[in-house]
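Here is the structure we will look at, set down as structure tokens.
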Amino acid sequence: MAIDKVLTRDEIGEDYKWDLTPICLNDEDFYNKLEEGKNIVSKLVTFEGKLNNKEDIYNYLLLEEKLSEVLEPAQQYCFLKLTECLSSENYNEMDEKLSQLLSEFSVATSFAFSELNDLSDEMLDDIIQDEKFKNYDRSFKNIKKHKIHKLSKEEEKLVAGMDFLGGYSDNMEKVCDVDFDYGEIEDSKGNKYKLTQSNYGRFMRSLDRKLRKEAFCKLNGKFGQLINMLATNYINDVKATCYFAKIRKYKNAISSALENEEVSEEVYNRLIEMVNKNLPVLFDYFSIKQRELGLDEFYIYDAMASIEKTEQKLYTFEEAFDLIKEALSPLGEEYISLLDRAKAERWIDVYPTLDKRSGAFESGIYGYHPYVMVNFEGDIDSIFTLAHELGHAMHSYFSNSNQPREKADYTIFLAEIASTTNEILLINYLLSHAKTDEEKRNLYNKLFDEVKGTIYRQTMFAEFEEKVHLMHERGDGLTKDKLCNEYYNLNKRYFGDVKLVDEVKYEWARIPHFFNSFYVYKYATGMISAICFANKILSGEKNAREDYFKFLSAGCSNDPISILQNSGCDLSVDSTFEACFGYLKNIIKEWTKLG
């Protein structure tokens with residue numbers, strides 16, 4: 001009989017569920033917003049053929065902004081309700097109707113992209129310099145810059161209607177979070193536990209080696225049972241990504257992704273180079289961990305293990321929240337008061353429940369406070385996850401509060417920095433308050449677990465998806481075996497002398513971010529930037545906190561590399577990376593001194 005029990009949503013107190021009434025009062029309000037959105041779309045289509053003068057262009061942009069004000073809350077409401085219960089027929093139907101409307105809007109207004117891209121450079125320059133268009137100037141600068149990648153009006157209309165190609169990601173999510181039953185696993189004492197994606201991490205940190213091995217092999221092995229379907233699903237997603245890059249005249253898929261993020265290939269390549277150069281830091285960590293665990297052989301399922309001599313302390317949500325506030329106090333009173341608001345106003349959906357989406361996320365829209373979803377289990381990782389998502393929330397809040405709608409939505413490249421800065425501040429707070437060598441060892445292990453998972457592992461993921469996309473672009477046929485072998489060989493390089501198990505070759509199939517091509521490397525650059533920001537703040541460097549708030553408040557008012565440079569973090573030079581790995585090498589030295 002399984003020991004763990006997952007509660008239903010009705011068994012969770014209201015204080016631990018998010019309050020969605022600020023964005024939509026109820027389902028009826030959602031459908032009213034959809035009808036209002038349809039009316040606005042009918043007005044937008046009347047501009048077809050007219051976007052050749054500044055007055056009509058400006059009026060079109062204002063109306064498009066009005067549509068966002070109406071539909072974004074409806075979209076947010078639907079997404080969050082579906083998150084609560086993935087199998088809900090009601091909210092799946094709601095999501096389908098919303099998707100249909102958004103698709104219709106995208107097709108009906110695809111003319112705007114073509115007409116605006118047909119504007120002469122002189123006209124674009126006139127708009128960019130016009131004070132009335134100051135909120136839109138970056139958009140028009142990008143139109144001018146990316147003209148080479150535009151399609152004809154009819155082609156843009158066809159592409160706009162291809163939203164169904166996003167279904168590959170949906171397929172994976174539904175299979176993994178709804179259809180898959182991962183069964184039970186057994187520890188060395190014969191106790192049985194229900195295995196889910198939400199509690200997988202907790203089992204992998206267990207002191208019980210048999211439980212770790214069963215969790216790793218059973219979860220990844222489950223994906224191996226359907227590897228033909230999962231591989232075909234992902235391969236088709238890769239083909240779609242490469243196809244759209246090709247028809248828009250990009251060099252390749254990664255070039256398309258980086259150019260659209262306004263990130264140079266030099267920054268991406270520097271990350272890959274510097275991480276590979278510093279793989280010995282990771283190998284040193286594995287050696288220390290093997291010693292701490294007292295193991296003759298070190299397997300991949302040992303890499304996440306806790307080194308604590310007893311089971312980890314479990315925290316209440318309230319205890320965790322107070323701890324996070326203390327750790328983030330170097331960011332100032334305004335930041336801490338916003339955390340209090342998030343808790344009091346129920347921005348956060350706290351506990352795992354039956355059929356709730358696994359993992360964690362933050363979702364923010366302009367004009368409303370952000371929302372945070374976690375699956376709080378009470379362990380130390382749950383605290384770090386909560387701090388991470390609250391970092392996202394504060395980034396959204398400050399960007400939305402300090403930028404106009406058109407410049408508030410920060411790019412994905414910047415998205416993981418504020419969240420990871422919170423984690424670095426939290427680990428440093430805990431280290432500074434550690435009373436024993438054992439506490440320090442546990443915290444060093446925690447830090448390097450995060451470093452392994454965020455800097456090294458995400459860079460490995462980046463290499464995997466780059467290799468897979470390039471294989472297709474070269475004309476090499478993609479198969480399940482090629483995907484599995486490529487992933488297995490990358491693990492051999494990144495894990496050094498750590499022993500692998502066969503099931504690791506299926507692990508790629510459960511990584512949802514692969515369906516958002518060339519996203520994962522930003523976790524690594526995010527943590528490197530976070531270490532840069534956190535160390536400057538904690539060291540009391542002049543203007544460090546003010547510079548950090550420049551970053552939080554910048555939105556997408558400039559390209560991401562410039563935003564970081566203006567905030568004191570320069571990813572265009574080796575020294576930023578060297579400082580990060582220097583910090584990590586010093587941690588290794590301090591850990592080694594403990595014996």
Side-chain angles (χ1 to χ4, degrees), residues 15 17-24 65 68-69 72-77 79-80 83 135 317 320-322 324-350 360-374 383-426 522 526 529-530 533-534 537 544-558 560 563-564 566-567 569:
D15 288 346
K17 303 175 189 175
W18 47 33
D19 175 15
L20 303 185
T21 56
I23 50 175
C24 264
E65 187 173 332
S68 296
E69 292 173 2
E72 283 182 0
Q75 192 171 11
Q76 178 85 312
Y77 177 80
F79 169 63
L80 298 180
T83 293
N135 290 345
F317 175 69
F321 202 87
D322 288 342
I324 289 169
K325 285 170 58 181
E326 285 292 326
L328 302 184
S329 60
L331 295 177
E333 293 181 5
E334 182 182 8
Y335 197 98
I336 301 304
S337 68
L338 281 170
L339 293 178
D340 286 330
R341 274 190 62 193
K343 184 170 181 283
E345 296 176 9
R346 294 168 51 201
W347 300 7
I348 311 167
D349 203 78
V350 179
F361 65 79
E362 176 270 342
S363 184
I365 58 173
Y366 197 81
Y368 299 86
H369 68 68
Y371 285 92
V372 165
M373 189 281 281
V374 292
I383 300 176
F384 274 87
T385 298
L386 179 59
H388 180 101
E389 299 305 335
L390 287 170
H392 282 307
M394 297 302 108
H395 194 181
S396 294
Y397 181 92
F398 281 106
S399 288
N400 288 345
S401 299
N402 289 278
Q403 298 294 334
R405 177 186 291 273
E406 295 73 21
K407 295 182 179 180
D409 192 12
Y410 48 83
T411 67
I412 296 174
F413 185 85
L414 299 176
E416 295 301 327
I417 297 175
S419 53
T420 312
T421 298
N422 277 11
E423 292 194 68
I424 299 300
L425 291 172
L426 177 56
K522 298 161 195 144
S529 300
F533 281 126
I537 292 167
R545 189 164 72 185
E546 290 77 7
D547 284 344
Y548 183 61
F549 275 84
K550 285 182 188 176
F551 161 72
L552 289 180
S553 304
C556 62
S557 58
N558 206 336
I563 286 173
L564 288 173
N566 294 336
S567 303
C569 177

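Basis for what follows: all heavy atoms, side chains included, without hydrogens, waters or symmetry-related copies. Since this is a predicted model, take the numbers as computed values, not measurements.
- Counting heavy atoms from C-beta on, the side chains of Asp15 and Phe317 never come closer than 4.5 Å.
- Heavy-atom minimum distance, Pro73 versus Ser68: CD-O, 3.8 Å.
- Contact of the Tyr335 side chain with the Asn422 side chain is registered, since non-hydrogen atoms from C-beta on lie closer than 4.5 Å.
- Rounded to the nearest 0.5 Å, atoms CG (Leu426) and CD (Glu326) are 11.5 Å apart.
- Applying the side-chain contact (heavy atoms from CB on, under 4.5 Å) rule to Ser329 yields no partners; only residues at least two apart in sequence or on another chain are considered.
- Applying the salt bridge (charged side-chain N to carboxylate O under 4.0 Å, His left out) criterion to Glu72, with sequence neighbours excluded, gives Arg405.
- Closest non-hydrogen pair, Asn400 versus Tyr368, comes out as ND2-O, 4.4 Å.
- Side-chain atoms of Asn558 never come within 3.5 Å of backbone atoms of Ile563 as a donor-acceptor pair (strictly under, hydrogens ignored).
- The side-chain heavy atoms of Asp340 and Lys325, taken from C-beta on, include a pair separated by under 4.5 Å.
- With sequence neighbours excluded, no residue forms a salt bridge (charged side-chain N to carboxylate O under 4.0 Å, His left out) with Lys343.
- Within the model, atoms CG of Asp322 and CG of Leu339 stand 11.0 Å from one another, a figure rounded to the nearest 0.5 Å.
- Annotation: the span from Thr411 atom OG1 to Lys522 atom NZ amounts to 8.0 Å, rounded to 0.5 Å.
- For Leu552 against Phe398, the heavy-atom pair with the smallest separation is O-CB, 3.6 Å.
- The shortest side-chain heavy-atom distance between Leu338 and Met394 falls under the 4.5 Å cut-off.
- Using a 4.5 Å heavy-atom threshold, the side chains of Ile348 and Leu390 count as touching.
- Scored by the side-chain contact (heavy atoms from CB on, under 4.5 Å) test, Gln403 finds Lys407, Ala408, Ser557 as partners (sequence neighbours excluded).
- Aromatic rings of Phe361 and Phe79 (six-membered ring for Trp) have centroids within the 6.0 Å cut-off, being under it.
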Apply side chain to side chain contact (heavy atoms under 4.5 Å, CB included) to the pair Ile417 and Leu564, showing each step before the final yes or no. CA-CA 10 Å; Ile417 297 175; Leu564 288 173; 3.6 Å; yes
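- Side-chain contact between Glu65 and Tyr366: absent, with no pair of heavy atoms (C-beta onward) separated by less than 4.5 Å.
- To the nearest 0.5 Å, atom OH of residue Tyr548 and atom CD1 of residue Ile537 are 6.0 Å apart.
- Summarising the geometry of Ile23 relative to Gln76, their closest heavy-atom pair is CD1-CG, 3.5 Å, with the distance given to 0.1 Å.
- The nearest pair of heavy atoms linking Phe533 to Ser567 is CE2-O, 3.3 Å.
- How far CG of Leu20 is from CH2 of Trp347: 14.0 Å, rounded to the nearest 0.5 Å.
- Partners of Glu362 by side-chain contact (heavy atoms from CB on, under 4.5 Å), not counting sequence neighbours, listed by chain and number: Pro370, Val372, Glu389, His392, Ala393, Ser396, Tyr410.
- Within the model, atoms OH of Tyr397 and OG of Ser399 stand 12.0 Å from one another, a figure rounded to the nearest 0.5 Å.
- For the pair His369 and Pro22, the tightest heavy-atom approach, listed with the atom from each and the gap, is NE2-CG, 4.1 Å.
- Among residues two or more places apart in sequence or in another chain, the side-chain contact (heavy atoms from CB on, under 4.5 Å) test is passed with Ala530 by Thr420, Thr421, Ile424.
- Between the side chain of Tyr371 and the backbone N or O of Arg346 there is no donor-acceptor pair closer than 3.5 Å.
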